[in-house]
**Q** 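Before I ask anything, here is the structure I am working with.
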Amino acid sequence: MKKHYYEQVYELVKEIPFGRVCTYGIIADYLSLGSARMVGYALNKCNSLGKEVPAHRVVNRQGYLSGRNAFDAPGMMKALLNAEGIKVKKDTVVDFKKLLWYPEEL
DNA sequence: TAGTTGACGACGG
DNA sequence: TCCGTCGCCAACT
């Protein structure tokens with residue numbers, strides 16, 4: 001049984017350290033998905049499937065919370081990030097570049 | 001089976 | 001530098 005590509009996405013997203021964030025593009029590139037949209041699709045699925053994946057730590061390449069609408073509550077993603085000490089202003093991660101995490105750090 | 005959609009990103013004007 | 005357009009590829013209807 002071959003793992004679906006999104007299973008790999010889940011595994012990688014789970015590796016994102018507490019208080020750090022990552023981008024769709026980085027994940028897509030690391031897993032050779034060919035398209036960042038695949039990551040968003042995968043996370044969208046995992047959310048509906050009730051998977052324990054910290055999807056709130058994944059944002060687009062500008063640090064914008066483009067996925068907040070896919071959460072149960074619009075403000076949930078921001079609240080979760082705040083709980084980790086990540087500041088969010090106008091749906092965008094503050095000091096995004098400093099908090100950015102790369103899979104290569106594993 | 002074919003067309004549409006999507007939590008994005010790169011590129012050109 | 002900012003905005004609009006196109007490409008990406010798998011899942012869903």
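Every value quoted in this text rests on a predicted model; they were computed, and no experiment measured them. To find a chain, count down the sequence lines: A is the first, B the second, and so on, and within it residues start at 1.
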**Q** Should Trp101(A) and Phe96(A) be regarded as members of a common hydrophobic cluster, given that ILVMFWY residues are connected when their side-chain heavy atoms come within less than 4.5 Å of each other, either directly or indirectly?
**A**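 No, no single cluster joins them.
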**Q** What is the distance from atom CD1 of Ile27(A) to atom CG of Leu43(A), rounded to the nearest 0.5 Å?
**A**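 These two atoms lie 6.5 Å from each other.
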**Q** Checking Asn47(A) side chain against Ala70(A) main chain: does a donor-acceptor pair fall under 3.5 Å?
**A**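 Yes, because the side chain of Asn47(A) sits within donor-acceptor range (under 3.5 Å) of the backbone of Ala70(A).
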**Q** Give Asn47(A) one of three labels, base, sugar-phosphate or nothing, depending on what nucleic acid heavy atoms sit under 4.0 Å from its own.
**A**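 Base: the residue Asn47(A), judged by heavy atoms under 4.0 Å, touches a nucleobase.
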**Q** Under a 3.5 Å distance rule, please check whether Arg68(A) uses its side chain to pair with a backbone N or O of Leu65(A) as donor and acceptor.
**A**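 At least one qualifying donor-acceptor pair exists.
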**Q** In whole Å, I'd like the distance from the OH atom of Tyr41(A) to the P atom of dG7(C).
**A**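 Rounding to the nearest Å, OH of Tyr41(A) and P of dG7(C) are 22 Å apart.
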**Q** Would one find a side-chain N or O of His4(A) under 4.0 angstrom from OP1 or OP2 of dA11(C)?
**A**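 For dA11(C), OP1 or OP2 has a side-chain N or O of His4(A) closer than 4.0 Å.
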**Q** Partner of dA7(B) by Watson-Crick or G-U wobble geometry, both contacts under 3.5 Å, or none?
**A**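 Result: none.
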**Q** Evaluate the side-chain proximity of Tyr64(A) to Asp91(A): yes if any heavy-atom separation is below 4.5 Å, no if none is.
**A**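 Sidechains of Tyr64(A) and Asp91(A): in contact.
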**Q** Can you check the Tyr6(A) OH to dC8(B) C1' distance for me, whole Å?
**A**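 Taking atom C1' of dC8(B) as the reference, OH of Tyr6(A) is at 20 Å.
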**Q** Using 30° and 60° as the class limits, which term best fits the ring planes of Tyr6(A) and Tyr10(A): parallel, tilted or perpendicular?
**A**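 Rings of Tyr6(A) and Tyr10(A): tilted, 30 to 60°.
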**Q** Between P on dC8(C) and CG on Asn60(A), what's the gap in Å once rounded to a whole number?
**A**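 Answer to the nearest Å: 21 Å.
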**Q** Got a sec? Which of residues 19-38 of chain A come in under 4.0 Å of DNA chain C, heavy atoms?
**A**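 Within this stretch, Leu33(A), Gly34(A), Ser35(A), Arg37(A), Met38(A) sit under 4.0 Å of the strand.
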**Q** State the CZ-NZ distance between Arg57(A) and Lys14(A), to the nearest 0.5 angstrom.
**A**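 So the CZ of Arg57(A) and the NZ of Lys14(A) are separated by 12.0 Å.
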**Q** May I have the distance from Asp91(A) (atom CG) to dA7(B) (atom P), rounded to whole angstrom?
**A**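 Atom-to-atom, Asp91(A) to dA7(B), this comes out as 15 Å.
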**Q** Rounded to the nearest 0.5 Å, what separation is found between the NZ atom of Lys89(A) and the CG atom of Asp95(A)?
**A**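 It is 11.5 Å, given to the nearest 0.5 Å.
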**Q** Checking all strands, does Asn44(A) fall into the base, sugar-phosphate, or nothing category for heavy-atom contacts under 4.0 angstrom?
**A**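 Counting heavy atoms under 4.0 Å across all strands, the contact made by Asn44(A) includes a base.
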**Q** Could you check which residues of residues 95-106 of chain A get a heavy atom under 4.0 Å from DNA chain B? Sort them by number, please.
**A**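 Nucleic-acid contacts, sorted: none.
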**Q** Could you state the CD-C1' distance from Gln62(A) to dA7(B), rounded to the nearest angstrom?
**A**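 Taking atom C1' of dA7(B) as the reference, CD of Gln62(A) is at 14 Å.
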**Q** If the cut-off is 4.0 Å, is Lys45(A) near the phosphate of dA7(B), judged by side-chain N/O to OP1 or OP2?
**A**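 Negative; the distance criterion is not met.
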**Q** Counting side-chain heavy atoms from CB outward, which of dA7(B), dC12(C), dG9(B) is closest to Arg61(A)?
**A**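 Taking heavy atoms from C-beta onward, the closest nucleotide is dG9(B).
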**Q** Write down the atom of Phe71(A), the atom of Met77(A), and the distance for their closest heavy-atom approach.
**A**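 Nearest pair, atom of Phe71(A) first, then Met77(A): CE1-SD, 3.7 Å.
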